[in-house]
Amino acid sequence: MGKSKTNKFRRPQFNAEGLSVTAVKEMEQDHGEFFDGVDSPTGELLEKLQSPSADVREFACASISRVVQQSQTIPGFLQRDAVRRLGPLMLDRSLAVRETATGALRNLSACGGHEVCDDMVKQDVMTPLTALLRECCAGFETNAALSLKGHKNTVEDVANEAVNLLWNLCESSSQALSVFNKAGILDVILQCLSRHTHNIKLALSAAHCLHTVTEDNAELLCSMSNAVLGTLESVLLSSQADMAHTLLRTLAAGSVWNLKSSLPTARQAQTLNALMATLSQCLELDAGTLIPQLRQAEVARSATASEAGNVDDHQAAVGNMAVEEMDDDEEEGVGLRRNGKATKMDKDFSDLLPRGKEELREATALLTAQQTSLEIIVNMCCSDDPSDDEWEEASSSDESEMCPGGLSEGNTSLLSPLCLSAEVHGALINHNIPEKVLKKTQFPSSEAMDVCRHNPTWKILMKKMHRVQYRALTCLHNMLSTMDAESLGGAAALQAVAQHLSTLVFSPPEIPKEEEFLEAVTSAIRSLLQIIAYMKIPQCMTPQQMMSLSEAATRCDVVSVRVNALAILGITGSTLAKEKGTAETLRMIGNALLQVATKDANLVVCGEALDALFDVFADGDEAERAAENINLLSALKALQPIFKAKIRKEGKGKYSPEQLCVVDNVKVNLRRFIGYLETVVKK
């Protein structure tokens, strides 16, 4: 319940692209004193930024870029005004210095997180960055000639670092986003994006940045023009079949969705169809087949190059080590959601992969594109009103009094089913999106996982393959919440989905403990059970399986997983209460719910456990027998004052107004439910 700011996914420990890995290694040998981690002479490095020698300035920038990847060194650099010293070097007369200085600031923004990004904006990093981006775009044509002549540092390389820095800042700092809106940088990003036929690396960075700055940005919507939409549509209609362009089209589709309110009415249907076709084509690709093929292609190319004597063994070893570092240093968190929307936890680091890793770059682009496609569909199938969690929690209490959030007994707006527009709903069905999403909820291909597991440089893809599955499960959850049963295939199809989810959870030797998987799969099962119960469809999961799933989930540290588990027990129990001979199973469910309501430290979880108890024991002979067997009335009477005291003691400050509203509803309903049980006992 409530909204939370997304955690910044920190970049892996790569040096900036201004110097190659080999060059930095050579510099370490010559200047080892600069790479002593926490004890690095920060002051000396910053002094070297003022050197009259471009080589020294470049070296200092590259060194800072590497050192700041150890986050504990960042405060020392900030205290010595590193941002103000590096900023002017983004406009240095040397392209190599521009690139490494921008790369150092890029790493600083990525490894420092939200507070550091805000601090960088306060120190006016956006002014030289904006000027640099404009100069880069003005020099693109000259740059093309330099590239043909084999120049090492080109304007487009500098632009790529600059766009990535801008992306980091705008994703982490609302101040940076405000500057972006006011400074008119959108046209610069579009210029970078439009170069996708010449420089896909730069275009991808621009597409990522655009996808970020267009999300929930009402101020930017006012400046939308036909040129913006025209550029995005030209990308959507591009035909290159490589995975980098697949990712590019997917990101463009995400930006178009973010800008949907700006689409001219006459073009909406055509643009929506192009958007859905892009997502559909992306999800149709089988990563389980393509990843082994790409790995085989890499092996064949390496063998050919080795025979021709074109492989630098030292460079290959350094490159492999760098990719292993990227795998080891990834900080991946549970996928948080805002308003039921998927939020970006991962950054695309494919531009930081060593040269000569084209197949790995393609595989990375494929998985990033599929994850992004699923996140876009998640956002299509959600409400822009209160978050899914708030909606679900508020709707679970059928009686409520006036609360701080304005909910009252007569207010049923939150109880209405979430719904899609007819156009989006139709487009999803026409492009077979539900079927393709369901396929992606399967565990990753064992062959693809084995290929990655046995090759150090490809191991980074294992987590990405799992992440695609998690996003697909979240997508399934949102579709189940927003689409009617017939659109999803009717009763038979829903039973098949239930069987599939049952297989995911119960076919492994034990229930998977991965938190992100549990959050996604319990959300999907919860939504499915609500539909099945409403339609009175027999379901394949046994009460014993539900108990084991809930037992595993209630031990999870993630609150939403515990809430889902309790809701699943509540739905299962309320269905069983209408059947004969279920008193013993209801007794087990009741004891499990009471245990959580009594012992869980989180008020929201306690409230959900009580809510589930109300649902399970609301009516029926079997429920009455089970309630008597577990002494439910006396247990709830003993719990009531404890729950009230907990609300008074912990409520304010620790929980959002919406959460407190729900908990207050539960408190009221607890009093009423105790009264109901007392009348049952007197019969």
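Remember, it's a predicted structure, so these values are computed and weren't measured experimentally.
Formation of a donor-acceptor pair under 3.5 Å by the S280 side chain with backbone atoms of A277 is not found in this model. A side-chain donor-acceptor contact under 3.5 Å links R249 to the backbone of Q240. Listed for the S65 side chain is no donor-acceptor partner under 3.5 Å among the backbone atoms of C61. In terms of modelled atom types and a separation under 3.5 Å, the side chain of E156 and the main chain of F140 share no donor-acceptor contact. A donor-acceptor pair under 3.5 Å is absent between the side-chain atoms of S51 and the main chain of V56, judged by distance alone. Between the side chain of N107 and the backbone N or O of R66, no donor-acceptor pair lies under 3.5 Å.
By the salt bridge (Lys or Arg N to Asp or Glu O under 4.0 Å) test, K436 is found to be paired with E284, residues two or more places apart in sequence or in another chain being considered. Remark: D119 pairs with no residue by the salt bridge (Lys or Arg N to Asp or Glu O under 4.0 Å) rule, at least two apart or across chains. Every salt bridge (Lys or Arg N to Asp or Glu O under 4.0 Å) that D187 has, sequence neighbours left out, goes to R134. With sequence neighbours left out, K122 forms a salt bridge (Lys or Arg N to Asp or Glu O under 4.0 Å) with no residue at all. Taking H431 as the reference, nothing meets the ring-ring contact (aromatic ring centres under 6.0 Å, His included) condition, with sequence neighbours excluded.
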(request) Assess whether side chain to side chain contact (heavy atoms under 4.5 Å, CB included) is satisfied between L232 and L259, documenting all intermediate values. (result) CA-CA 11 Å; L232 288 169; L259 300 171; 3.8 Å; yes
(request) Go through the steps to decide whether S173 and M120 satisfy the test side chain to side chain contact (heavy atoms under 4.5 Å, CB included), and finish with yes or no. (result) CA-CA 9 Å; S173 167; M120 291 173 72; over 6 Å; no
(message) Run the side chain to side chain donor-acceptor pair (under 3.5 Å) test on D157 and T154 for me, step by step, so that the C-alpha distance in whole Å, both residues' side-chain angles and the decisive distance to 0.1 Å come before the verdict.
(response) CA-CA 5 Å; D157 292 332; T154 66; 3.1 Å; yes
(message) Could you walk me through whether R361 and E358 satisfy the salt bridge (charged side-chain N to carboxylate O under 4.0 Å, His left out) test, starting with their C-alpha distance in whole Å, then the side-chain angles of each, then the deciding distance to 0.1 Å, before giving a yes or no?
(response) CA-CA 5 Å; R361 198 186 308 275; E358 289 81 4; 5.9 Å; no
(request) May I have the step-by-step check of side chain to side chain contact (heavy atoms under 4.5 Å, CB included) for L210 and V213, ending in yes or no? (result) CA-CA 5 Å; L210 188 62; V213 299; 4.2 Å; yes
(request) Evaluate the side chain to side chain contact (heavy atoms under 4.5 Å, CB included) criterion for residues M126 and K182: first the C-alpha distance (whole Å), next the side-chain angles of each, then the deciding distance (0.1 Å), finally the verdict. (result) CA-CA 11 Å; M126 292 292 287; K182 291 179 172 61; over 6 Å; no
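Across all their heavy atoms, L283 and I377 have their closest contact at CD1-CD1, 3.7 Å. V378 and R471 get closest at one heavy-atom pair: CG2-O, 4.2 Å. Between S238 and V235 the shortest heavy-atom distance is OG-O, 2.6 Å. The two residues Q469 and P444 come nearest to each other via the heavy atoms OE1-CD, 4.2 Å. The shortest heavy-atom contact between W458 and C452 is O-CB, 3.3 Å. Listed here is the closest heavy atom pair of A363 and I291: CB-CG1, 4.3 Å.
If you take CD on E298 and CD on E362, they are separated by 12.0 Å, rounding to the nearest 0.5 Å. Within the model, atoms NZ of K440 and CG of L285 stand 7.0 Å from one another, a figure rounded to the nearest 0.5 Å. The CG atom of L190 sits 4.5 Å away from the CG atom of L186 when rounded to the nearest 0.5 Å. The structure places CG of L133 at 8.5 Å from SG of C209, a figure rounded to the nearest 0.5 Å. Rounding to the nearest 0.5 Å places CG of L86 at 9.0 Å from OG1 of T102. Taken to the nearest 0.5 Å, the OG atom of S205 stands 3.5 Å off from the CG atom of N160.
Between the side chains of S178 and N181, no donor-acceptor pair of N or O atoms lies under 3.5 Å.
Salt-bridge annotation for R85 and E47: present, with a side-chain N of the basic residue lying under 4.0 Å from a carboxylate O of the acidic one.
Contact check for L166 versus T130: no side-chain heavy atoms found under the 4.5 Å cut-off. Looking at heavy atoms from C-beta onward, V116 lies out of side-chain contact with S109 at the 4.5 angstrom threshold. Side chains of L220 and M224 form a contact here, defined as non-hydrogen atoms less than 4.5 Å apart. Residues L46 and I64 have side chains in contact (heavy-atom distance under 4.5 Å, counting atoms from C-beta outward). No side-chain heavy atom of Q371 sits under 4.5 Å from any side-chain heavy atom of K464. Residues R57 and L49 form no side-chain contact, since every pair of their non-hydrogen atoms from C-beta on lies 4.5 Å or further apart. Taking 4.5 Å as the limit, some side-chain heavy atom of C192 sits within range of a side-chain heavy atom of C137. A heavy-atom distance below 4.5 Å is found between the side chains of M449 and M462.
Within 6.0 Å of CD in E115 there are 12 or fewer heavy atoms belonging to other residues, nucleotides or ligands. Annotation for E219: atom CD counts as buried by contact number, over 12 foreign heavy atoms lying within 6.0 Å.
Put simply, the residue from L236, L204, D242 that forms a side chain to side chain contact (heavy atoms under 4.5 Å, CB included) with L248 is L204. With R98 as reference, E135 is the one residue of R93, E135, E161, M90 to meet the side chain to side chain contact (heavy atoms under 4.5 Å, CB included) rule.
Ring orientation note: the planes of H208 and W167 are close to parallel, at an angle under 30° on the 30°/60° scale.
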If you look only at distance, which donor and acceptor atoms sit under 3.5 Å apart when one is on a side chain in residues 74-81 and the other is two or more places apart or in another chain?
{"residue": "R80", "atom": "NH1", "partner": "G76", "partner atom": "O", "Å": "3.2"}

